Amino acid sequence: MESISGAYDPKNIEGVLYKKWEVSGYFNPDNLSENEGENYIAYMPLPNVTGTLHMGHALNNTLQDILIRFYRMRGKKTLWFPGTDHAGIATQFVVEKQLKKEGTSRFALGREKFIEKVWEWKNQYGNIIYDQLKKLGVSCDWSRVRFTMDDTYAKDVQNAFIHYHEKGFLYRGYRTVNWCPRCATSLSELELEYKEEESKLYFIKYGPFTLATTRPETKFGDTGLAVNPRDARYKEYVGKELEIESLSIEGSLDEPSKKKNIIIVVADDAVDVEFGTGIVKVTPAHDLVDFEIGSRHNLPLVEVINERGEMNSRAGKYAGMKTGDARRKIVEDLKTTGLLEKEEAYTHNVAVCYRCGHVIEPIPSRQWFLKMEALADTALDAVKNGKVKIHPENFEKPYTVWLEHIKDWTVSRQIWWGHQLPVYFCKNKQEASSNSQFPISNGEQEEKYVVSMKKPEKCPFCETCEMEQSPDVLDTWFSSALWPFAGLSESDRKKYYPGTTLITARDILNLWVARMIYSGIEFQNEIPFKDVLIHGTILTKDGKRMSKSLGTGIDPLKYIEAYGADATRFGIVWQANGQDIRWDETAITAGKKFLNKLWNASRFVQTQTEKDDSRSLKIPEAKTDADRNILAALAKITKDTETNLRMFEFSKSIRDLYEFFWHDFCDTYLEISKKQLSELSTKENTEHILLFTLRETLKLFHPFVPFITEEIYGRFSFDQKKEFLMVERA
RNA sequence: GGGCGAUUAGCUCAGUUGGUUAGAGCGUCACAUUGACAUUGUGAAGGCCAGAGGUUCGAGUCCUCUAUCGCCCACCA
């Protein structure tokens with residue numbers, strides 16, 4: 001057994017120890033034969049395969065690992081299974097960028113080849129983050145790693161789709177959806193980001209009215225005008241049909257002979273009396289709000305923008321132009337014809353694709369929608385009746401607000417990388433979906449399809465065609481919603497579902513957490529986890545978001561390299577009080593100093609007790625006031641740590657421990673012990689107390705700083721010592 | 001427009017149900033030092049607890065308003 005000497009050097013210790021832990025098999029609950037308590041199961045917020053470790057991961061996984069290690073040492077069967085998310089759009093985007101560098105594109109390759117490329121990419125880079133997590137010291141069960149596109153996982157995803165279909169929750173709809181022209185796919189509202197844009201508010205003459213719009217180019221798709229029902233100014237027009245000359249477009253292929261469009265004036269509460277002139281043009285095909293107004297008043301859908309973000313033939317001479325260019329040209333033309341009354345500078349938010357940043361064009365498109373009402377109620381009930389607790393409680397509000405106002409979920413995506421829909425179309429009666437780049441040809445077209453795990457041998461409709469699988473794939477979140485059970489094998493599900501805790505950042509509370517909750521109940525009849533802990537976001541010291549693209553990100557591996565994983569974890573936890581963290585590097589300095597203290601104090605105890613350092617299991621008795629104080633303090637900190645961690649008070653927990661160890665143990669007891677050790681009457685008992693207290697302290701600290709505590713533990717010959725401190729009973 | 005959170009020492013933050021001289025880490029200053037540890041020890045300086053008003057015997061803590069910052073949600077075209 002190596003004695004404790006020299007300075008603590010994490011470099012030579014952490015990697016070796018991690019290997020030993022891994023080989024021991026104790027990360028796997030099946031091997032925790034002495035643990036007979038209930039299960040403690042945690043879920044990893046799946047990193048994207050494209051991801052590399054950032055401070056957010058480091059925080060999340062450190063907190064999770066603390067709880068896993070804490071409960072493992074308290075006799076629970078602990079399981080934390082890792083995985084990565086195929087991250088449809090994100091990954092496809094990354095690989096497309098790579099192809100571009102190579103001078104090719106996914107369209108040049110074709111679907112099959114492209115998907116092969118993505119798998120290649122995944123196999124080459126997809127495991128990087130696992131190695132990085134290991135450096136952090138996380139004790140998750142690597143024998144259970146899953147990828148959301150593994151065969152078994154894919155089967156669960158398809159089953160889920162089929163289940164919803166059979167239940168009548170899935171439907172095809174021709175609707176205006178958020179569309180990214182660059183990615184050529186629909187997006188759900190949660191996949192949008194908003195960017196402030198300086199633009200203009202154009203006041204244009206419009207029949208008998210003047211109205212304000214930011215998007216004059218959509219006017220060829222106008223099928224209505226809307227006013228607020230309480231607006232006296234326009235009362236007489238409500239319900240009237242108007243012929244609007246300003247819409248006439250020379251050379252429009254759509255209606256070459258007719259130069260007037262029929263516009264119906266409707267009254268709708270969505271219209272703000274105060275804004276603009278109080279009257280708004282309604283373009284149901286190219287605006288989500290207008291679509292809703294349109295559907296409330298049965299206004300027709302007239303498409304004027306295609307899936308590449310260009311004006312179509314209905315825009316006459318503007319056809320083929322990008323919407324932005326068309327807007328400039330139209331404004332010019334409106335000016336010359338005197339139809340532009342005025343323009344005002346106007347700042348508003350435009351929706352952009354969360355992946356590629358391209359401006360979103362709402363366009364009508366045939367998509368699959370999941371009815372959310374019943375599922376949302378399920379998720380709401382789980383939290384309202386306290387079966388799932390969200391910590392801190394304030395986050396219940398955004399959760400419930402979202403679910404109470406939920407819209408049906410567009411689950412289909414027109415990309416290639418993902419779970420292809422288990423849907424097969426009859427070729428003879430359906431052509432629309434055969435090419436994902438142009439999925440829409442006619443919204444009214446009748447479709448014949450079968451929802452099935454396997455391709456039907458014979459088409460049930462025409463009986464002759466070779467049925468064709470839908471080219472669409474599912475929203476990535478459709479599959480990650482199943483993680484708590486789909487991430488486990490069939491037999492594991494019986495043992496390890498449901499779980500206990502989910503720790504995550506707030507940005508995926510609805511995107512992921514809410515969806516896991518109803519999915520768990522829907523498919524496994526039980527909530528997936530009892531507690532959801534939302535931790536803060538790590539910001540820069542100036543309070544800015546850490547972002548790779550802005551260059552404000554900090555690589556946690558840099559700290560692990562320089563100070564070791566324990567000091568890094570210490571620094572993170574020190575600051576993890578629940579609020580957002582303005583990252584302060586000096587917390588790691590504190591960690592480093594502390595580890596040194598721990599190392600040296602342990603060395604002191606070892607040198608004082610080297611003749612027999614195995615007397616530590618039984619509780620020592622107190623012979624002096626100092627003895628009494630340290631044993632009382634130890635009892636208190638043991639209890640406090642328990643309470644703090646059960647309440648997710650990570651920062652308080654480590655600060656209390658630090659205080660205890662540095663001041664109560666080192667500054668006070670260790671100093672007094674020097675005298676007590678020199679007196680025969682107290683010598684032996686003091687040695688016992690030193691050993692006992694140190695051992696208990698190592699147990700308490702282990703979840704936070706696992707490497708150094710394991711290393712020190714290994715260098716003592718404690719009474720009834722376990723193979724690893726990691727599996728000691730605390 | 002709505003919701004949530006923040007505002008305490010030079011910096012980053014604690015401060016539980018209102019109760020004696022408001023705490024920590026880092027930094028600063030002084031002194032110490034070969035015996036676990038200089039990644040140390042002892043001590044010190046440093047705060048009208050964002051502002052205003054209110055409740056109370058008593059407010060960093062509770063209430064109201066204001067200001068600044070951040071995040072989330074939202075259909076002002």
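Below, all heavy atoms of this structure are taken into account, side chains as well, without hydrogens, waters or symmetry copies. Remember, predicted model here, so these are calculated numbers, not experimental data. Naming: A, B, ... by sequence-line order, numbering from 1 per chain.
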Which one, rA24(B), rC37(B), rG27(B), comes nearest to the side chain of Trp574(A)?
-> rA24(B)

Could you please name the option among rA36(B), rU39(B), rG25(B) that lies closest to any side-chain atom of Cys666(A)?
-> rA36(B)

Could you work out which one of rU12(B), rC37(B), rC26(B) sits closest to the side chain of Arg603(A)?
-> rC37(B)

Are Trp574(A) and Phe594(A) an aromatic pair by the rule of ring centers under 6.0 Å?
-> no

Passing option when Thr218(A) is tested against Lys281(A), Glu361(A), His286(A) for side chain to side chain donor-acceptor pair (under 3.5 Å) | Lys281(A)

Per side chain to side chain donor-acceptor pair (under 3.5 Å), Asp531(A) is matched among Arg646(A), His391(A), Lys389(A) by His391(A)

Using the ring of each side chain (for Trp, its six-membered ring), is Trp599(A) parallel, tilted or perpendicular to Tyr8(A), with breaks at 30° and 60°?
-> tilted

Side-chain N or O of Gln579(A) less than 4.0 angstrom from OP1 or OP2 on rG5(B)?
-> no

Which whole number of Å gives the distance between the C1' atom of rG35(B) and that of rU40(B)?
-> 13 Å

Look at all strands and tell whether Val271(A) reaches a base, only sugar-phosphate, or nothing, counting heavy atoms closer than 4.0 Å.
-> base

If you draw the axis of the six-membered ring of Phe291(A), does the NZ or CZ of Arg175(A) fall within 45° of it and under 6.0 Å from the ring centre?
-> no

Touch check for Tyr658(A), heavy atoms < 4.0 angstrom, all strands: base, sugar-phosphate only, or nothing?
-> sugar-phosphate

Using atom CD1 of Ile588(A) as one end and atom C1' of rC26(B) as the other, report the distance to the nearest whole Å.
-> 12 Å

Pairwise P distance, rG60(B) and rA52(B) [rounded to whole Å] | 13 Å

Could you go through the salt bridge (Lys or Arg N to Asp or Glu O under 4.0 Å) check for Glu659(A) and Arg655(A) one step at a time?
-> CA-CA 6 Å; Glu659(A) 169 77 19; Arg655(A) 283 165 194 252; over 6 Å; no

Report yes if a side-chain nitrogen or oxygen of Trp662(A) is closer than 4.0 Å to either non-bridging phosphate oxygen (OP1 or OP2) of rG41(B); otherwise report no.
-> yes

Could you please name the option among rA36(B), rC72(B), rA24(B) that lies closest to any side-chain atom of Phe604(A)?
-> rA36(B)

Rounded to whole angstrom, note down the P distance from rG54(B) over to rA59(B).
-> 12 Å

Mind checking whether Phe650(A) and Phe704(A) have ring centres under 6.0 Å apart?
-> no

Name the nucleic acid region contacted by Lys674(A), choosing base, sugar-phosphate or nothing; use a 4.0 angstrom heavy-atom cut-off, strictly under.
-> base

Using the P atom in both, what is the distance from rG53(B) to rU17(B), to the nearest Å?
-> 26 Å

For RNA chain B, the expected dot-bracket line (Watson-Crick or G-U under 3.5 Å, [ ] crossing, | inter-strand) is (((((((..((((.....[...)))).(((((.......))))).....(((((..]....))))))))))))....

Heavy atoms under 4.0 Å, any strand shown: does Thr607(A) hit a base, just sugar-phosphate, or nothing?
-> nothing

Side-chain N or O of Lys597(A) closer than 4.0 Å to phosphate OP1/OP2 of rG41(B) = yes

Looking across every strand, which nucleic acid part, if any, lies under 4.0 Å from Ala587(A) by heavy atom: base, sugar-phosphate, or nothing?
-> nothing

What's the CG-C1' distance between Asp667(A) and rC37(B), to the nearest Å?
-> 11 Å

Pairs flagged by salt bridge (charged side-chain N to carboxylate O under 4.0 Å, His left out) wherever residues 567-588 of chain A is involved - sequence neighbours left out | Asp65(A)-Arg569(A), Arg506(A)-Asp580(A), Lys541(A)-Asp584(A)

Closest listed nucleotide, where the reference is the side chain of Ala7(A) and the choices are rC72(B), rU39(B), rG25(B) | rU39(B)

What distance, rounded to whole Å, do you find between the two C1' atoms, one in rC71(B) and one in rC63(B)?
-> 26 Å

Could you tell me if the ring centre of Phe570(A) sits under 6.0 Å from that of Tyr563(A)?
-> no

Select base, sugar-phosphate, or nothing to describe what Ile293(A) touches, counting heavy atoms under 4.0 Å on all strands.
-> nothing

Using heavy atoms to find the nearest nucleotide of RNA chain B for Thr586(A) and Asn394(A) separately, return the residue whose nucleotide is more 5′.
-> Asn394(A)

Rounded interatomic separation in angstrom, taking CD1 from Ile534(A) and P from rC72(B) = 14 Å

Ignoring backbone atoms, test whether Lys397(A) places a side-chain nitrogen or oxygen under 4.0 Å from the OP1 or OP2 oxygen of rG2(B).
-> no

Rounded to whole angstrom, note down the C1' distance from rG15(B) over to rC62(B).
-> 16 Å

How would you label the contact of Arg506(A) with the nucleic acid (heavy atoms, under 4.0 Å): base, sugar-phosphate, or nothing?
-> sugar-phosphate

Roughly, in whole Å, what's the span from CZ in Phe594(A) to C1' in rA36(B)?
-> 14 Å

Of the candidates rC13(B), rG25(B), rU39(B), the side chain of Arg582(A) sits closest to rC13(B)

Could you check how far CH2 of Trp583(A) sits from P of rC26(B), rounded to whole Å?
-> 15 Å

Using a cut-off of less than 4.0 Å, is there contact between a side-chain N or O of Lys593(A) and OP1 or OP2 of rG27(B)?
-> yes

What's the CZ-C1' distance between Phe650(A) and rA14(B), to the nearest Å?
-> 17 Å

Whole Å only: how far is the CG atom of Asp9(A) from the P atom of rU39(B)?
-> 15 Å

Under the ring pair (Phe, Tyr, Trp, His ring centres under 6.0 Å) rule, collect the residues that match up with His57(A), sequence neighbours excluded.
-> His54(A)

Under 4.0 Å between a side-chain N or O of Asn577(A) and OP1 or OP2 of rC13(B)?
-> no

For the pair made of OH in Tyr194(A) and P in rC71(B), what is the distance, rounded to whole Å?
-> 16 Å

Distance-only donor-acceptor test, Glu671(A) side-chain atoms vs rA36(B) base atoms, 3.5 Å = yes

Taking the same atom, C1', in rU20(B) and in rC29(B), what whole-Å distance lies between them?
-> 30 Å

Taking the same atom, P, in rA24(B) and in rA14(B), what whole-Å distance lies between them?
-> 16 Å

Counting only heavy atoms not in Lys652(A), do more than 12 sit closer than 6.0 Å to its NZ atom?
-> no

Glu659(A) or Asp287(A): which one's nearest nucleotide on RNA chain B is closer to the 5' end?
-> Glu659(A)

